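Quick notes on the structure that follows.
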Amino acid sequence: MSNKGLIIEQRSRDIGDFLVGRYLPFRKKRMVGPFIFIDHMGPSSIQPGSYLDVGQHPHIGLSTLTYLFEGQIHHKDSLGSDQIITPGSVNWMTAGKGVTHTERTPAQLRDGKTYPLHGFQIWIALPNHLENMEPEFHHFDKDELPNWEENGLQFRLVAGEGYHQKSPVPVHSNLFMLEIKSVQDTLLEIQDQVKGEIGICIIKGSINACGQRISEGNMIVSKTEDTCKVEVSNHTHLLLFGGEPFQEKRHIFWNFVSSSPQTIAQAKTDWKNKKFPKVPVDDSYINLPE
Ligand code: MN
């Protein structure tokens with residue numbers, strides 16, 4: 001990382017029944033490239049009585065990226081998508097001018113047993129000219145994502161471009177997101193492999209970047225890809241992400257992201273007045289927070 005690498009510790013946030021570790025937004029660093037929101041879910045246990053049930057809620061101006069290491073989440077949205085996500089697969093929903101979705105523990109896992117849940121819930125802001133696009137949903141199975149092993153590191157390119165590979169996820173700006181696991185003490189090469197701002201979340205294990213040791217539950221951010229050496233300890237699990245930042249500022253309120261405060265104000269009114277599209281056969285409704 002550059003010598004100015006900023007270290008951010010994940011902060012506990014209660015999202016209904018579930019505690020998450022929030023990395024972004026952070027007051028000193030609102031975004032990393034186009035990434036505007038990063039929640040680390042778990043690792044934890046989903047038990048009878050605390051199964052995940054996030055009812056209908058809207059989004060605008062962003063794409064959501066759900067990526068799991070353990071467990072399953074059932075996604076349904078107002079486009080009619082109905083998809084269970086499993087570890088290593090990607091759910092990519094672009095909200096554009098407006099979409100509504102639900103996220104729940106799948107019915108077949110509501111059998112009284114306890115299940116693990118571990119993964120990331122991520123929002124990526126849309127570029128200005130696409131903020132009002134029609135919503136889309138795409139799912140990619142684990143096997144469809146580029147993966148390779150090099151220098152004691154196992155890579156999986158979840159989204160975007162990096163390391164001379166391209167993910168099939170239809171992203172809307174220059175970005176990258178990779179899951180990396182080490183099988184020995186080694187070096188992670190970053191320079192010339194990805195472009196833009198960089199964040200590294202340490203899910204497990206530790207790294208040493210420019211003489212700073214960064215351990216589990218922390219993220220390091222660099223404003224450029226001109227990085228110094230990143231030493232990775234054996235059995236370390238990382239999320240490497242980032243990309244080119246936008247020129248204009250993004251506003252964020254609840255589940256809404258926009259370069260325009262008026263667009264956010266309109267989305268609030270529309271959600272209150274139930275003007276958003278609805279998820280089929282679902283009566284849930286999450287109120288707009290005050
Ligand atoms: Mn959502």
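Bear in mind the structure is a predicted one, so any value in this text is a computation, not a measurement. Both ligands and their constituent atoms are indexed starting at 1 by order of listing. Computed from heavy atoms alone, side chains included, the values below leave out hydrogens, waters and symmetry copies.
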- Path from I220 to L240 over hydrophobic side-chain contacts below 4.5 Å: yes
- Residue pair S259 / E131, side-chain donor-acceptor N/O under 3.5 Å: yes
- Item | Shortest non-hydrogen separation from T186 to N151 and the atoms involved | OG1-O, 2.7 Å
- Message: Against F35, only a single residue in F176, F241, F26 fulfils ring pair (Phe, Tyr, Trp, His ring centres under 6.0 Å); can you say which?
- Response: F241
- Query: Which count of protein N, O or S atoms is obtained for distances strictly below 2.8 Å from the Mn ion (ligand 1)?
  - Reply: 3
Pairs of donor and acceptor atoms involving the side chains of residues 114-123, under 3.5 Å and at least two apart or interchain, shall be tabulated with distances.
from	atom 1	to	atom 2	distance (Å)
Y115	OH	D111	OD1	3.3
Y115	OH	D111	OD2	2.8
H118	NE2	H40	NE2	2.8
Q121	OE1	T66	OG1	3.0
Q121	NE2	E103	OE2	2.8

- Item | Salt-bridge contact D270-K97 (side-chain N to carboxylate O under 4.0 Å) | no
